[in-house]
Amino acid sequence: MKIILTHEVSGLGTAGDVVDVKDGYARNYLVPRGFAIRWTKGGEQDVAQIRRARKIHEIATIEQANEVKAKLEAVKVRLAVRSGDAGRLFGSVTQADVASAIETAGGPKVDKRRVELGSPIKTLGAHEATVRLHPEVSVKVNVEVVSA
C-alpha cells in the first residue's frame, strides 16, 4: 500500500515521503495513529504542503545541527515529578516532558517527536534521552528525574 507520511517514523522516512508498506502496517498502525495518510492522486498537493512545513521547522544543515548539539550538551536537564516512597513515579516521563524540561533549563526549543527514550522512565534518578537533530546528527541528553 502506498502512503504519505505525515510525521517522521523511525526506519521508514520523514514527513512528506511517499512510501510503500504492507497493508496491515498501514491500516493498523500508521493511519490510525496519524503518522500517515493513504496515497491518492490529489495527495500530491498534501505532500508539497507537508514538505514546506517540514522545511520551516527542520534544521537545514549539519552545521546548524552541530550548533544546537553544543547547546544541548551544555544544558543540565532536571525534571521534578511526583513519586512514591520507593522512588517509583506516578505515571511516567514522556518525550513531551523531556522536551519542555530542556527548554525550561535554558536549552533550545526541541520538538517532542525528535526526542527518543530507550524505555519509559518510571523511576527517579539519572536517565538518558536521545535527540535527533538531523538525520546525521543526534545528541544524548542526561535527564535527572527528582521527586517534586
Side-chain angles (χ1 to χ4, degrees), residues 1-81 83 88-145:
M1 175 183 282
K2 256 184 161 177
I3 58 169
I4 302 168
L5 295 176
T6 56
H7 295 290
E8 186 172 343
V9 178
S10 295
L12 194 56
T14 58
D17 290 348
V18 177
V19 294
D20 198 16
V21 297
K22 294 194 177 198
D23 293 347
Y25 183 48
R27 268 196 323 265
N28 298 325
Y29 183 75
L30 296 173
V31 174
R33 285 176 173 76
F35 294 142
I37 56 174
R38 295 176 194 260
W39 182 86
T40 60
K41 290 180 184 176
E44 292 299 322
Q45 294 173 350
D46 294 338
V47 170
Q49 182 179 4
I50 290 169
R51 286 188 178 147
R52 278 194 303 273
R54 186 176 76 189
K55 284 191 185 274
I56 292 170
H57 297 293
E58 185 178 85
I59 297 173
T61 64
I62 294 177
E63 290 81 21
Q64 288 176 334
N66 285 328
E67 289 173 11
V68 174
K69 179 180 178 179
K71 291 177 186 176
L72 281 174
E73 288 173 340
V75 172
K76 293 189 183 231
V77 180
R78 193 176 168 115
L79 191 60
V81 295
S83 65
R88 295 209 21 101
L89 305 181
F90 296 130
S92 64
V93 175
T94 63
Q95 289 97 339
D97 295 333
V98 173
S100 65
I102 289 171
E103 191 173 350
T104 57
K109 184 170 180 164
V110 176
D111 186 14
K112 68 180 180 182
R113 292 182 294 261
R114 297 202 177 269
V115 177
E116 293 179 350
L117 301 173
S119 59
I121 298 175
K122 296 186 176 190
T123 59
L124 296 175
H127 299 278
E128 193 172 82
T130 304
V131 180
R132 288 177 288 104
L133 301 171
H134 190 268
E136 298 174 14
V137 179
S138 63
V139 61
K140 295 202 183 288
V141 177
N142 291 322
V143 179
E144 184 181 351
V145 179

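For the pairing with Val131, the side chain to side chain contact (heavy atoms under 4.5 Å, CB included) check across Val137, Val110, Val68 returns one residue only, Val110.
Taking the charged nitrogens against the carboxylate oxygens, Glu116 and Arg132 do have a contact shorter than 4.0 Å, which makes a salt bridge. Taking a cutoff of 4.0 Å between a charged side-chain nitrogen and a carboxylate oxygen, Arg114 and Glu8 qualify as a salt bridge.
Between Ala26 and Met1, the shortest heavy-atom contact is CB-SD, 3.5 Å. Between Arg88 and Thr123, the closest heavy-atom pair is NH1-CG2, 4.3 Å. Heavy atoms only, all atoms of each residue included: Val75 and Ala105 are closest at CG1-CB, 3.6 Å.
Between the side chain of Asp17 and the main chain of Leu5, no donor-acceptor pair closer than 3.5 Å is present. The backbone N or O of Val93 sits nowhere less than 3.5 Å from a side-chain atom of Asp97 that would complete a donor-acceptor pair. A donor-acceptor pair under 3.5 Å is absent between the side-chain atoms of Thr14 and the main chain of His7, judged by distance alone.
In this structure Tyr29 satisfies the ring-ring contact (aromatic ring centres under 6.0 Å, His included) test together with Tyr25, Phe35, sequence neighbours excluded.
Side-chain contact check for Pro108 versus Leu72: some heavy-atom pair is nearer than 4.5 Å. In this structure, the side chains of Trp39 and Ile4 come closer than 4.5 Å at one or more pairs of heavy atoms. Side-chain contact between Ile37 and Val31: absent, with no pair of heavy atoms (C-beta onward) separated by less than 4.5 Å. At a threshold of 4.5 Å between non-hydrogen side-chain atoms, the residues Thr130 and Val115 do not count as touching.
Atom CD1 of Ile121 and atom CD of Gln95 lie 9.0 Å apart (nearest 0.5 Å). Considering NZ of Lys2 and CG of Asp20, their distance stands at 7.5 Å, rounded to 0.5 Å. Atom CG of Leu117 sits about 10.0 Å away from atom NE2 of His127, to the nearest 0.5 Å. Atom-to-atom distance recorded for Ser100:OG and Lys109:NZ is 10.5 Å, nearest 0.5 angstrom. With values rounded to the nearest 0.5 angstrom, Leu30 atom CG is found 6.5 Å from Leu12 atom CG. Interatomic distance, Ser83 OG to Lys122 NZ, rounded to the nearest 0.5 Å: 15.0 Å.
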| field | Stepwise side chain to side chain contact (heavy atoms under 4.5 Å, CB included) test for Val145 and Leu89 | value | CA-CA 10 Å; Val145 179; Leu89 305 181; 4.1 Å; yes
| message | Go through it in stages, so that I can follow the logic: the residues are Val139 and Glu73, the test is side chain to side chain contact (heavy atoms under 4.5 Å, CB included), and I'd like the CA-CA distance, side-chain angles, deciding distance and then a yes or no. | response | CA-CA 7 Å; Val139 61; Glu73 288 173 340; 3.6 Å; yes
| request: Could you walk me through whether Val77 and Asn142 pass the side chain to side chain contact (heavy atoms under 4.5 Å, CB included) test, one step at a time? | output: CA-CA 7 Å; Val77 180; Asn142 291 322; over 6 Å; no
| said: Please evaluate residues Val141 and Val98 with respect to the criterion side chain to side chain contact (heavy atoms under 4.5 Å, CB included), reporting the C-alpha separation (whole Å), side-chain torsions for both, the decisive distance (0.1 Å), and the verdict. | reply: CA-CA 9 Å; Val141 177; Val98 173; 5.7 Å; no
